[in-house]
Amino acid sequence: MYDHKEIEKKWQEKWEQEKIYKTPKNPDPAKKRYILDMFPYISGSGLHVGHPEGYTATDILSRMNRMRGYDVLHPLGWDAFGLPTENFAIKTGNPPWETTPKYIERFRNQIKSFGFSYDWEREVNTSSPDYYKWTQWLFLLLYKNGLAYKKEASVNWCPKDQTVLANEQVVNGACERCGTVVEQKLLSQWFFKITDFTEDLLTSLDTLDWPEPIKQMQRNWIGRSEGALIEFSLTDIPGQEDAKHFVEVFTTRPDTIFGATFLVISPELAQKWIDVGWRAPQEVVAYISQASKKTELVRIAETKDKTGVDTKIHAINPATKEKIAVWIADYVLGSYGTGAIMAVPAHDERDYVFAKKYDLGIVKVIKPDHEIDDCYEGEGMLINSGDFTGESSSTARSEMAERFGTEKIQYKLRDWLVSRQRYWGSPIPIIYCDKCGMQSVPEQDLPVKLPTDVDFLPTGESPLTRSKSFHDVKCPKCNEPARRDSDTMDTFVDSSWYFFRFTDPNNLEEFASKEQMQKWLPVDTYVGGAEHAVLHLLYARFFTKVLNKLEYISFNEPFKQLRNQGLILGPDGEKMSKSRGNVVNPDEIIEQYGADVFRMYEMFMGPLEDAKPWSTQGMVGLSRFLEKVIRFSEAGEFASSNKNIHKLIKRITSDIENFKFNTAVAAFMEFLNENKNLSQSDWESFLKLLAPFAPHLTEELWQKLGHKESIHLEKWPEFDESLARDDKVEIVISINGKKRGMIEADAGLSEKQTKNLIDSSELFAKLDLANKKIMKVVFVPDRLVNFVVKE
RNA sequence: GCCGCUGUGGUGGAACUGGCAGACACGCACGACUCAAAAUCGUGUGGCCUUACGGCCAUGUCGGUUCGAUUCCGACCAGCGGCACCA
C-alpha cells in the first residue's frame, strides 16, 4: 500500500528544493547547536552499514533540536586525500583526480538516500584546491610561528613497493599491501610541534564530556611519568678530550639508585659520541650499524632476548661511588628520555634479563622501614641504603631525586611527523633556493596545486619530484631557479581543521572568519568511531590549541561532547570483511526495506557505543512497527485525549538527549501496543516525536492528515510534568529481601499510609505478619516495603 | 607484559541513584482468518518441581558489604579493543 521508494524520493526532493535544513545565518548564541559527524574517508568500496549508524544518531539529535527552536549547524564533507585512494589508483591505473570525484558522487548519493538533514550547501572536500589552499595556509601559519620544522628522521620503507609507508600502513612490521618486511630509512621530514602543548593536552582532558576510555587512551598516549635526571660521570674515556664526561639518565625510580650496577645507552646516543670523537671499539661500531638496520619485526621478536655490547667505558655511581660498566643495547630507545638509563637489575625486569645474560652485578635495595618491592631473584648482595628518611616510597623517590639529580617529568608523546613521500595529498608550500634557503610560498600564490602531469606509480621518491611543471619554480625572494618541496602532507592534517571550515565553508579570504567561528564553535556534539581515539582527536585538539594561542579563536577545546558509535558486526558476530563474506550492503537494505526502517533498526539494535551483530531478520520487527503506524494513522478513528502521551514525550525527549536511541524506539512500540484510542492531537504529537527517526513516513502521514507545512518544521511537543507521572503504583511486599507479594496503591503515599494499606490487605493475613517478630521495616516510597523478621 | 571495556533467556537487548530481573523486538509454539499459503491479529514462551495454588534456582565463577546486589567491593575465568623494551 505504501511504496517506500516513491515516498522517500518525493520528500527528499521536496526538502532539498525548499531548503528546509538550511543553517541559520545569525544563530542565537544561547540557542546554537553544532552537531557533527566524523566525515567519511572516501574509498572505492562505498558506504558500509557502519556509516549510517552515527549519522542517524546525529540526525535525530539535530532534527529534535531544530524542532525545539535551536539554531543547528549540521554539515557533512569528504576526507578525500590519502593512501588508500592512491593505492587503489596504482592498482587500477586510474588517476586519483579522476576517481575521487566519482567516489564522492557515489557517497553523496548513498548518504542522501537515508534522508539525513545535512545542509549540503556547506559540503567540503579536502582534496579540492579551495580547501587545501587553507591546509597549506595553516601549515605556513605553524611554520611562521615556529611550530613546524624540518629534521632528519627514520621512516618506514617498503623495499618491494619502493615507497615510504605511514605508520598505519605497517601491520606487524610488514607492508600491509605486499607483506614485505618494512625497513627503516633516514629522510628529511617535516614535523609539527605538538609537544609544545603536552601538558595542556593532558590536563584539559578533564574538562571534556568524552567517553572515559577515550580520555584514558589519550592520557596513555601522552604518557606522563615523573622521575629524575641524574648525571653519572665517566672515567677512562679512551683517546679523546672533548667528548662528554658524563652520561645523563632519566629514571622513574631514583630511590633504587643504590642498586644501579651498570649504565645502558642507546645505539643512537653511542653514534653521537662517535660523531664527537669517541674512538669506539670495532664491535661497538658493528653493533650500532646492525641495530640501525634491524626491522621492526625483529625488534618485536627480540623483546625477550636482549642484545648489547660493552663500551669498555666506565662511570661512577654517585650514590655508592662504585665504578660501573657502560653498555650499549637497543632495548634502550634513543627517542625517549635522554637515550640512556641506569640499570637496576634487582628492580627492573629488562635490566634483570640483560644482567643475567651478560653476567653483570645485581644488587637489591632495601629500605629500612618498609618491604622490598618488585624484586627479582635473590642474587647479589643486600645493602641497606641507610639514607632514607622518607615514610613512603614516593617521598623516598623525590628525596633521592633531589640528592643525586633533579626532578623531571617525561612524556612519551613525540612531535607529529606530517610529510609523506606520496602523491595524493596537499603539497607542502615550501620552496628551496640555493641562495636564499628555505622559503614559504607567498600567501597570494596559494594554493600550490597538485600537478596532473605525473606518473603517480611509486619509485621511492615523491612522485611530485618528477613533475617538471611542479618541481621547477622561481625563488619568491631572489627570482632565481629554485625547487619546490616535493612531499605532501599526512591526511590527518586535512582532517584536523575541517570543523572550522564548516562554519564558513565558502570564505575566499580566510580559512574561516573569526566571527563565524565565534558564533558556532566549539562543536557541541561530535560522533564517530573509537578508532580515532588518539590520532585524529589529538591532532584536532592540537590545532585548536595552536589557533587559540595565536588568538584566532577564544576557546581551547574543539569538541565539548564526544560519543562513539560501536562497530556493526556481520550476522555471524565477526567483524565484517570481504574475505569472510559477511558484508551487508546498505544499498540493498534501502532498496528492500526503505531508509526509515534502516534508520530505526540501526537505532534499535542496542546502545550506540556497543559493538552489535547485524540481523536482517531482526529488521523485520521495525518494518512491522512502521506498517502498524501507517494502519493507525490511516484508520483515522480518533478518540478523546489520553494523558499517556505526556509520558511518551518526556521519555523520548530525555532518551534522545542521553543518546539512548534503542530504548526510545522501544518506547514508541510500547506506546502503540498499549494505546488503542488516541485523540487526533495526541496522534499528531506521536508523529512529531517519531519524525526525527522516520522522517519520510511521518512526513507522508502528516500531510495526509491535512497539513501543508513540513512536519520537520513543526514545534517539538511539550509535556506537563504532572501528567507525565503515574497515579497508581504497585508496591512490592518482601520479607527479608525476598518478594512475597504486591499491592496496588495510589502514588505518593506516606510510610504510615502504606503500612495501613498493608495491614488491611489480604496479604497481611496470608504472610502471617501478625505473628511474626518484626525487627525492622524498610520503606521505599511508591516501590517497596520490606519486613525484616526473626525466623 | 601494561591499560581499558564487556559478560543477563534460543537471539539482539531492557532495568532510574542498590529496590518486581528479562521491557521492547526477533525466533519458536499454539490458536483465529483462509480451500490453502503468505500477510495480519490473538495467546504463550528463563530453568526445575507441582494436576493446581505455589515453591525453589537463576544476570561468567567464587567470596564480601547490605534488610535487599545485574548494579557496590575483592579475587578469578572468558571475550574484545588499545599500547607495547617508554627506564
Side-chain angles (χ1 to χ4, degrees), chain A residues 211-221 223-225 227-228 249-254 256 260 263-264 266 299-300 302-306 329-333 335-344 347-351 353-354 410-414 530-531 533-534 566-567 569 571 573 575 600-601 604-607 609-622 624-625 627-628 631 654 658 660 662-673 730-742 774-789:
Chain A
E212 204 46 52
I214 301 287
K215 292 206 243 182
Q216 202 49 48
M217 275 155 112
Q218 291 218 351
R219 286 189 196 108
N220 293 344
W221 188 266
R224 182 185 201 267
S225 38
V249 305
F250 173 72
T251 178
T252 54
R253 295 293 308 275
T256 63
L263 298 186
V264 188
S266 61
R299 275 179 64 92
I300 291 163
E302 263 181 5
T303 46
K304 288 265 139 56
D305 179 36
K306 303 199 178 339
D330 63 2
Y331 82 88
V332 173
L333 306 174
S335 52
Y336 181 76
T338 60
I341 61 157
M342 63 176 207
V344 186
H347 300 277
D348 182 280
E349 193 183 358
R350 295 151 303 182
D351 298 344
V353 170
F354 195 78
Q410 183 69 45
Y411 302 92
K412 285 185 199 169
L413 185 70
R414 322 256 171 93
E531 68 274 16
V534 272
L567 272 187
L569 308 170
K575 222 176 207 174
M600 290 203 71
Y601 173 61
F604 186 60
M605 287 170 84
E609 67 278 9
D610 285 8
K612 307 161 282 272
W614 178 273
S615 158
T616 302
Q617 180 75 262
M619 200 162 43
V620 170
L622 281 301
R624 285 179 193 155
F625 168 70
E627 293 287 340
K628 230 177 191 175
R631 280 198 301 275
S654 90
N658 295 305
K660 292 170 73 176
N662 54 331
T663 53
V665 175
F668 284 122
M669 292 171 167
E670 217 171 312
F671 183 82
L672 212 55
N673 289 344
E730 296 212 301
I731 294 176
V732 174
I733 310 302
S734 60
I735 291 178
N736 291 340
K738 270 192 186 300
K739 181 186 163 193
R740 283 293 176 260
M742 311 227 280
I774 296 171
M775 314 296 290
K776 190 179 164 187
V777 179
V778 181
F779 172 71
V780 182
D782 290 346
R783 285 195 183 270
L784 147 146
V785 177
N786 183 28
F787 295 95
V788 184
V789 306

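Here is the naming used below: chain letters follow the sequence lines, and residue numbers restart at 1 for every chain. All heavy atoms count here, side chains included; hydrogens, waters and symmetry mates do not.
- rA78(B) sits 23 Å from rC72(B) when the C1' atoms are compared, rounded to a whole Å.
- Residue Q617(A) places none of its side-chain N or O atoms closer than 4.0 Å to OP1 or OP2 of rC26(B).
- rC16(B) and rA23(B) have their P atoms separated by 15 Å, with the value rounded to a whole Å.
- Within the 4.0 Å cut-off from OP1 or OP2 of rA15(B), at least one side-chain nitrogen or oxygen of K660(A) is found.
- Looking at Y601(A), its side chain never comes within 3.5 Å of a backbone N or O of W614(A) through a donor-acceptor pair.
- Nucleotides rU17(B) and rU11(B) have their P atoms positioned 27 Å apart, rounded to a whole Å.
- Distance noted for atom C1' between rC67(B) and rU43(B): 39 Å (whole Å).
- At a threshold of 4.0 angstrom between heavy atoms, the contacts of D610(A) with the nucleic acid are absent.
- Remark: rG74(B) base-pairs with rC62(B); criterion is Watson-Crick or G-U wobble with both hydrogen-bond distances under 3.5 Å.
- With a 3.5 Å ceiling on both atom-pair distances, the Watson-Crick or G-U wobble partner of rA29(B) is rU43(B).
- One finds the OG atom of S266(A) at 12.0 Å from the OH atom of Y331(A) (value rounded to the nearest 0.5 Å).
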Under-3.5 Å N/O pairs linking protein and nucleotides 1-3 of chain B:
from, atom 1, to, atom 2, distance (Å)
rC3(B), O2', N220(A), ND2, 3.2

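- Distance check on atom P: rG19(B) versus rU71(B) gives 11 Å, rounded to whole Å.
- Residue S335(A) is classed as having no contact, given no heavy-atom separation below 4.0 Å to the nucleic acid.
- Ring geometry for Y336(A) versus F250(A): interplanar angle over 60°, hence perpendicular rather than tilted (30 to 60°).
- The phosphate of rA14(B) (OP1 or OP2) has a side-chain N or O of N662(A) nearer than 4.0 angstrom.
- At the heavy-atom level, T251(A) lies under 4.0 Å from the strands shown only through sugar-phosphate atoms.
- The CE atom of M619(A) lies 9.5 Å from the CE atom of M605(A); values are rounded to the nearest 0.5 Å.
- Across all strands shown, M742(A) has heavy atoms under 4.0 Å from base atoms, whether or not it also approaches the sugar-phosphate.
- Within 4.0 Å of R414(A), counting heavy atoms only, lies at least one base atom of the nucleic acid.
- At a threshold of 4.0 angstrom between heavy atoms, the contacts of K215(A) with the nucleic acid are absent.
- Remark: the separation of the C1' atoms in rU59(B) and rG54(B) is 24 Å, to the nearest Å.
- Applying the 4.0 Å criterion to OP1 and OP2 of rC41(B), one finds that R624(A) has every side-chain N and O outside that range.
- The P atoms of rG64(B) and rU70(B) are separated by 15 Å, rounded to the nearest whole Å.
- The glycosidic torsion of rG9(B) lies within 90° of 0, placing the base in the syn range.
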Are D351(A) and I341(A) close enough, and set up right, to give a side-chain contact (heavy atoms from CB on, under 4.5 Å), and what steps lead you there? CA-CA 10 Å; D351(A) 298 344; I341(A) 61 157; 3.5 Å; yes
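- No hydrogens or angles were tested; on distance alone, a donor-acceptor pair under 3.5 Å links the side chain of K306(A) to the base of rC85(B).
- Checking rA14(B), rG4(B), rC67(B) against the side-chain heavy atoms of P213(A) singles out rG4(B) as nearest.
- For the pair N786(A) CG and rG18(B) C1', the computed distance is 13 Å after rounding to whole Å.
- Looking at the side chain of D330(A), the nearest of the listed nucleotides rC85(B), rG13(B), rC41(B) is rC85(B).
- Atom-to-atom distance recorded for Q218(A):CD and Q216(A):CD is 10.5 Å, nearest 0.5 angstrom.
- Considering only side-chain atoms of V732(A), the nucleotide from rC20(B), rA14(B), rG13(B) that sits closest is rC20(B).
- Whole-Å rounding puts the L333(A) CG to rC85(B) P distance at 6 Å.
- Evaluation of the side chain to side chain donor-acceptor pair (under 3.5 Å) rule for S734(A) yields N786(A) as partners, not counting sequence neighbours.
- Residue K412(A) places no side-chain N or O under 4.0 Å from the OP1 or OP2 atom of rC85(B).
- The side chain of Y331(A) contributes no N or O atom lying less than 4.0 Å from OP1 or OP2 of rA87(B).
- When the P atom is compared between rC76(B) and rG4(B), the two are found 14 Å apart, to the nearest whole Å.
- If you take CG of L784(A) and C1' of rC20(B), they are 9 Å apart, rounded to a whole angstrom.
- For rC67(B), neither phosphate oxygen OP1 nor OP2 lies less than 4.0 angstrom from any side-chain nitrogen or oxygen of S734(A).
- When the nucleotides rC67(B), rG81(B), rA14(B) are ranked by their closest atom to the side chain of K575(A), rG81(B) comes out on top.
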